[in-house]
Amino acid sequence: MKTTNIMIVGVGGQGSLLASKLLGRLLVDEGYDVKVSEVHGMSQRGGSVVTYVRFGDTVTSPIIDEGEADFIVSFEKLEAARYAAYLAKDGKVIVNTQEIDPMPVITGAVSYPTDILEAFAAKGAVIDSFDALAVATEAGSSRAVNIALMGRLAGYLPIPYEKWLTAIQNTVAPKFVAVNEKAFSLGYHA
Amino acid sequence: MERKDTPTAMKKLMIGNEAVARGLYEGGCRFISSYPGTPSTEITEFAAKNDAITCEWAPNEKVACEAAFGASLAGVRSACAMKHVGLNVAADPLFTLSYTGVNAGMVICVADDPAMHSSQNEQDSRHYAIAAKVPMLEPADSAEALAFAKCAYQLSEEFDTVVLLRTCTRIAHSQSIVEEGEPLPLPTLPYEKNAAKYVMMPGNAKRRHPVVEERTEKLTAFAETTDLNREELTEGAAIGIICSGTAYQYVKEAAGDTVSVLKLGLVNPLPVERIKAFAKKVDRLIVCEELDPVIETHCRNIGLAVEGKSLFSMIGEFSQNTVAKALGLPVKEGYTLDEALPVRPPVMCAGCPHRGMYYTLAKNKITVIGDIGCYTLGATPPLSSVDTTLCMGASVSGIHGFNRASANRAAGKTVAVIGDSTFMHSGMTGLVNIAYNASNSTVIILDNSITGMTGHQQNPTTGYNIKGDPAAKVDLETLCRALGIDRVRVVDPYDLAACDKALKEELAYEGPSVIISRRPCVLLKSVKTKPALVIDADKCRGCKMCMKLGCPAISMKNGKARIDATLCVGCDVCEQLCHFDAIGKAQ
């Protein structure tokens, strides 16, 4: 089977490491060969962050290159656009519509681009956008944006719903399971 | 998509660093001493979760390496882990460890950072293996990271040498599937006094150097036959590529079924006959290696026609497309947007205790001799406070030279800034120099009570060890006084008036002084944050005074400041700056 490529992108500190941990564990349990690559350290301090998740029969390179991503799951609107070059021509973008101003916008050097997702879609990309922050808040915690987005991604992947729930139970701390299950469900059905 | 039915009970997804930690354990490692450094840090953190191994954070890599040597001498298999620049600090013991060899096996794990995701340079640690004349292994995924770490102990004891295990960011921080194995039997190697081997004074060292050269010959012979190196031949392939580590994965991804590959797991010493034999099987010999042309140079030295850096850059990381383009293969294209996007560089966190001190330095237009840590981010706009950053400890040493060379004219407008962990690592000797040479210099220790950038490791100033158990705590004020600094004062960086007063008074003082800017990292779980502040839109005049802090929680919308309640931790620093009383607690 062809390798499936998922990029998880966002702003350092948004919880992308937990999302990739959940996804990686789930895919291994499903019997796939899996590689997950991310960068720790300086970029985790509010910078643009990217995680590569690849699965299939045999995965070689740990990273996803330009034009190869079947899915880009973006925790933030601008970050989805930043990785446009990585999206495969038939790939899909799942994006949280939340806006987080980067420092050049905060300092007033530039402004946050308007209609950036519309511009991306106008190029022919398939974009599935929703307010994951609102979904997470409804579930009970604004920190659950990551799991809400995983819920949305789950709808596109050939893995049964209940397997995701098991993976959530095995990945997050017990006291946060209920909130995350709800965020997952709301993201899945949003 | 179909799912495979392979049993997965034994399979685990591990980052390379966790796999290295597991491999060290299976290889019989029972003592690890390290200093944190991205991307090597998790090796020691994962090992510390295994109660069979005694794990410690050392103040720096030289101490860690020497402690590991001591354990080896005592008959316990040992290791230390560090980032590439950490090996510069540990280079002194490394070069003579090559002469003494080991008693029980010893492994130095060194993680390079091509593309400098979290580093100040892009040096290639393979040069150290060549220069110190010790073997170096380089895994290409987590399974090999485990296997090679384990194997390193066998090599170390068989060839009586310390072994370097090299990874890079894409190995250290990439997860792939690993199957855990059985631990090797532990050695019984009691310490026996052997001055001729372990006392490296000239007479003994002269007799050890030939042993080192003989060992390299034996290791080269080993490289000719070991399974650590392997050929993967493709029938009829005209191109043969020699590679190792992560470059191997990119080659396999881009061209695996069309080229032959010689994959090297032992990257020092390199085989001669095996490479020549591989070269004969192909029409075109190419070396694909990130950073410097180490394997390529070896191929030229043994008389082979080879291509390498004529096709591949010495700068940054590779990818599958890098290989495809070099070989003239097609690459996929994604989408191109017309609009230029704002960059998103890393920033100091909302509520970061360093911000108040940096604001004070920027406001007073102070030249700042900086250092390595989260607080290097003080160099970025809008604070733009840091003037130079070189290496661990260079702030405290550098300010003395800067002030002395300018005949103290710069004094009064210059400070050094250094974190608590970095000060323990290599700032103390610089401070001794300041006291000893009567330097008119002011050093600010940015004490956030943790090693921040690498992800919250304890250090000798925090009062806790790697396991989180209570430990001896270095008192920075007492230490600075003991090093010869009479003027030492502590200030809270959330108090801007106090920062300004302390800075002005110490800069006015003729002589050495230390300001300890003390407040724990706001990301520490033990730190209780306060409710988010709010802007009173009626009072806000849009003067942007609060924007000078570069706090990611504050932005401007429609001419008024706005505070993001999900980021703000109520540190009150912006409130102190507002002239119109527009910032305050939510009612």
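Here is how names work: the chains are called A, B, and so on, in the same order as the sequence lines, proteins then strands, and each is numbered from 1.
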| message | Closer than 4.0 angstrom, basic N to acidic O: yes or no for A:Glu66 and B:Lys332? | response | no
Turns out that what part of A:Ser111 lies under 4.5 Å from chain B's heavy atoms comes down to backbone
On a heavy-atom basis, the closest approach of A:Ile63 and B:Phe318 is CD1-O, 3.8 Å
Turns out that what part of A:Ile100 lies under 4.5 Å from chain B's heavy atoms comes down to both
Bottom line for A:Tyr83: the part with an atom under 4.5 Å from chain B's heavy atoms is neither
Return yes when atom CD of A:Gln169 has more than 12 non-hydrogen atoms of other residues, nucleotides or ligands closer than 6.0 Å, and no otherwise.
yes
*Taking NZ, NE, NH1 and NH2 as the nitrogens, is one of them in A:Glu76 or B:Arg344 under 4.0 Å from a carboxylate oxygen of the other?*
yes
Q.
Take a 6.0 Å sphere around NZ of A:Lys21 and say whether it holds more than 12 heavy atoms from other residues, nucleotides or ligands.
A. no
Please determine whether a side-chain nitrogen of the Lys or Arg among A:Arg54 and B:Glu253 lies less than 4.0 Å from a carboxylate oxygen of the Asp or Glu. yes
Honestly, the part of B:Ser119 sitting under 4.5 Å from a heavy atom of chain A is neither
Ranked by heavy-atom pairs below 4.5 Å to chain B, first place among A:Glu79, A:Arg25, A:Arg143 goes to A:Glu79
Ranking B:Val343, B:Leu523, B:Thr169, B:Thr566 by heavy-atom pairs under 4.5 Å to chain A gives rank one to B:Val343
Quick check: does any side chain N or O of A:Arg82 sit under 3.5 Å from a backbone N or O of B:Pro342, one acting as donor and the other as acceptor? yes
In short, A:Lys123 meets B:Thr336 closest at the heavy-atom pair CE-O, 3.2 Å
Given B:Lys548, B:Arg170, B:Glu42, B:Met547, the one with more heavy-atom pairs under 4.5 angstrom with chain A than any other is B:Arg170
For this session: State, without any angle test, whether A:Thr60 and B:Gln249 hold a side-chain donor-acceptor pair at a distance under 3.5 Å.
Result: no
If you apply the rule side chain to side chain contact (heavy atoms under 4.5 Å, CB included), what do you find for A:Val105 with B:Met556, and how did you get there?
CA-CA 9 Å; A:Val105 172; B:Met556 294 295 290; over 6 Å; no
Okay, B:Lys557 and chain A: the region with an atom under 4.5 Å from a heavy atom over there is side chain
Interface check, chain A: of B:Lys252, B:Lys544, B:Gln175, most non-hydrogen pairs under 4.5 Å belong to B:Gln175
Minimal heavy-atom distance between A:Tyr32 and B:Ile177, with the atoms involved, is O-CD1, 3.5 Å
The interface call for B:Cys352 against chain A, heavy-atom contacts under 4.5 Å, is neither
Counting heavy-atom pairs under 4.5 angstrom with chain B, the leader among A:Ala119, A:Ala81, A:Ser142 is A:Ala81
To the nearest 0.5 Å, atom OG of A:Ser37 lies from atom CD1 of B:Ile171 at 8.5 Å
Looking only at heavy atoms, the pair that brings B:Leu13 and A:Val34 closest together is CD1-O, 3.8 Å
Honestly, the part of B:Asp564 sitting under 4.5 Å from a heavy atom of chain A is neither
If one checks every heavy atom of B:Pro345 against chain A at 4.5 Å, the contacting part turns out to be both
So CG of B:Leu337 and CD1 of A:Ile116: to nearest 0.5 Å the spacing works out to 5.5 Å
Any side-chain heavy-atom pair of B:Leu341 and A:Leu78 under 4.5 Å
yes
request  = Would you mind reporting whether B:His173 and A:Thr51 have side-chain heavy atoms less than 4.5 Å apart?
outcome  = no
**Q.** Flag, side chain of A:Asp65 to backbone of B:Ser319, donor-acceptor distance under 3.5 Å
**A.** no
query: Given side chains that start at C-beta, do those of A:Glu38 and B:Ser174 come closer than 4.5 Å, heavy atoms only?
result: no
Handout entry: Whether over 12 other heavy atoms sit under 6.0 Å from A:Tyr112 OH
Key = yes
Nearest heavy-atom contact between B:Glu339 and A:Pro113 is OE2-CB, 3.0 Å
dist A:Glu68:CD -> B:Gln320:CD (nearest 0.5 Å) comes out at 4.5 Å
Between A:Ala88 and B:Tyr335, the two heavy atoms sitting closest are O-CE1, 3.4 Å
Value for CD1 (A:Ile106) from OG (B:Ser555), rounded to nearest 0.5 Å, stands at 6.0 Å
